[in-house]
Amino acid sequence: MTRAEEDDDILAPFFAAGRDGPRPPETLYNLVAADAEALRPLPSPPRRQTSPLRAFIDALGGWPALAGLTTAAAAGVWIGAAAPDAVRQVAGIDAAAGYELADLMPGYLSEEF
Amino acid sequence: MRPAAPTAGPNRTDPHESMPMPLDENAESDEALVAAYGRGDAAAARMLTMRLVPRAFRHAVRMLGGDRAEADDVAQEAMLRLWRSAPEWRPEARVTTWLYRVVANLCIDRLRRSTRSTGIEAAGDPADGAPGAVARLVERDRAAALETALAALPERQCEAVVLRHLEGLANPEIAEVMGIGIEAVESLTARGKRALAAALRGRREELGYDES
């Protein structure tokens with residue numbers, strides 16, 4: 001038997017007896033649990049799945065910005081489709097008369113023809 | 001170590017702590033539990049406490065030559081550091097390796113600050129006269145003799161022997177815990193065992209060695 005084997009032979013029952021080791025007192029579990037609770041980070045709220053539409057709206061600036069854009073678009077359509085008299089007067093347009101090319105580009109017509 | 005505030009204990013329940021995915025006590029790794037605690041999961045803290053406190057305490061008792069009061073403080077401090085580290089825990093770091101290292105460092109700090117205690121407190125329950133009580137007493141005395149002999153070893157030898165032969169770690173993991181090479185672990189373990197065997201050789205008969 002080598003020296004190392006002899007040492008192993010001597011130590012085996014001591015290691016077997018010591019393997020379980022001492023058990024911690026109940027108070028230690030309570031103290032550790034209290035520390036864990038005191039230091040526990042706040043749970044993060046669950047993440048919502050973001051739809052493409054939602055991402056688009058968020059990119060525009062959210063619902064308030066979308067409402068503003070919608071209002072502006074509707075106003076533009078209304079002004080274009082049913083321009084009130086006040087707009088015609090300010091613009092100097094007589095919608096009923098229509099337009100000729102000469103009205104829009106008088107200089108071009110006079111030079112070429 | 002500071003006494004904790006009046007504790008709510010590990011069984012505290014809070015209706016706001018509902019988890020989307022309940023943790024499986026047996027299936028979750030220590031690393032997954034630390035990550036879950038870092039996200040605020042109270043159940044993970046309870047499981048980690050039950051799993052790791054015995055290891056930390058046991059290792060500290062052995063490193064501190066059987067001083068259970070000091071070991072109690074060391075185990076609490078090591079776990080405190082774990083709670084603090086949890087939010088930034090690196091997934092590749094093994095929790096038990098980290099814990100053994102922290103416990104050992106805390107023990108070595110304390111040993112260097114004070115005279116190393118070799119006093120052994122009574123371990124286990126008193127003899128009750130039931131069948132097997134004598135065998136338990138023999139086991140207890142052997143464990144106490146081992147603690148005393150371990151306490152007489154140099155710190156690093158003690159740590160290597162405890163991790164290898166009592167905690168059952170493989171040499172590569174011990175090397176990681178101790179921050180040394182595998183050959184150095186083997187050398188420390190061999191020298192530690194030789195010194196332990198020399199110390200315990202004379203106690204074989206006294207502690208019922210021949211009956212085993």
Side-chain angles (χ1 to χ4, degrees), chain A residues 1-70, chain B residues 1 3-10 12 16-17 20 37-42 45-46 48-50 53-54 56-59 61-62 66 68 71-72 75-76 79-80 83-84 86-87 123 138-143 145-147 149-150 165-166 168 190 193-194 196-197 200-201 204 207 209 212:
Chain A
M1 185 181 279
T2 65
R3 171 76 184 274
E5 286 170 341
E6 193 183 339
D7 288 348
D8 285 339
D9 206 34
I10 291 169
L11 293 174
F14 289 98
F15 284 151
R19 204 154 282 144
D20 286 343
R23 290 181 187 171
E26 197 62 31
T27 51
L28 178 58
Y29 287 103
N30 291 334
L31 289 170
V32 169
D35 287 341
E37 190 55 34
L39 294 171
R40 182 163 61 89
L42 292 173
S44 51
R47 281 187 185 172
R48 285 182 303 178
Q49 190 102 23
T50 305
S51 67
L53 176 62
R54 174 82 207 180
F56 174 70
I57 292 170
D58 286 346
L60 289 178
W63 286 111
L66 189 69
L69 280 173
T70 307
Chain B
M1 191 70 205
T7 169
R12 197 194 84 156
H16 302 293
E17 291 169 358
Y37 173 78
R39 294 191 298 270
D41 183 353
R46 287 192 286 273
L48 285 168
T49 300
M50 299 311 290
V53 165
F57 180 75
R58 213 165 52 212
H59 195 46
V61 169
R62 288 166 177 154
R68 282 158 174 72
D72 204 273
Q76 188 185 356
M79 292 300 292
L80 194 65
W83 305 137
R84 285 187 179 138
V138 169
E139 289 292 289
R140 193 187 73 175
D141 288 345
R142 283 177 179 170
L146 179 65
E147 272 187 11
L150 283 169
H165 293 283
L166 298 178
K193 280 171 65 180
R194 199 172 308 144
L196 274 184
L200 294 170
R201 188 185 304 273
R204 284 183 299 178
L207 296 172
Y209 178 82
S212 60

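Only heavy atoms go into these numbers, but all of them, side chains included; no hydrogens, no water, no symmetry mates. Per chain, numbering begins at 1; letters A, B, ... match sequence-line order.
Residues A/I10 and B/A197 share a closest heavy-atom pair of CG2-O, 4.1 Å. Between A/A36 and B/W83, the closest heavy-atom pair is CB-CE2, 3.3 Å.
Distance CD/B/E139 to CZ/A/R19: 11.0 Å, rounded to 0.5 Å. A distance of 6.0 Å separates CG in A/L11 from CG in B/L200, rounded to the nearest 0.5 Å. Summarising the geometry, atom OH belonging to A/Y29 is positioned 14.0 Å from atom CD belonging to B/Q76; distances are rounded to the nearest 0.5 Å. In this structure, CG in B/L146 is found 6.0 Å from CZ in A/F15, a value given to the nearest 0.5 Å.
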| request: Report the C-alpha distance between A/F14 and B/L150 in whole Å, list the side-chain angles of each, state the deciding distance to 0.1 Å, and finish with yes or no for side chain to side chain contact (heavy atoms under 4.5 Å, CB included). | output: CA-CA 11 Å; A/F14 289 98; B/L150 283 169; over 6 Å; no
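Note: A/P41 leads A/G21, A/P41, A/G18 in heavy-atom pairs under 4.5 Å with chain B. The choice from B/K193, B/M79, B/H59 that makes the most heavy-atom pairs within less than 4.5 Å of chain A is B/K193.
Surrounding CZ of A/R23 are at most 12 heavy atoms belonging to other residues, nucleotides or ligands under 6.0 Å away.
Using a 4.5 Å heavy-atom cutoff, the side chains of B/L48 and A/V32 are not in contact. Here the side chains of A/R40 and B/D41 are not in contact, with every heavy-atom distance at 4.5 Å or above.
Remark: B/F57 pairs with no residue by the ring-ring contact (aromatic ring centres under 6.0 Å, His included) rule, at least two apart or across chains. Remark: A/D20 engages no residue in a salt bridge (charged side-chain N to carboxylate O under 4.0 Å, His left out) (not counting sequence neighbours).
Of the two parts of B/P54, the backbone and the side chain both hold a non-hydrogen atom closer than 4.5 Å to a non-hydrogen atom of chain A.
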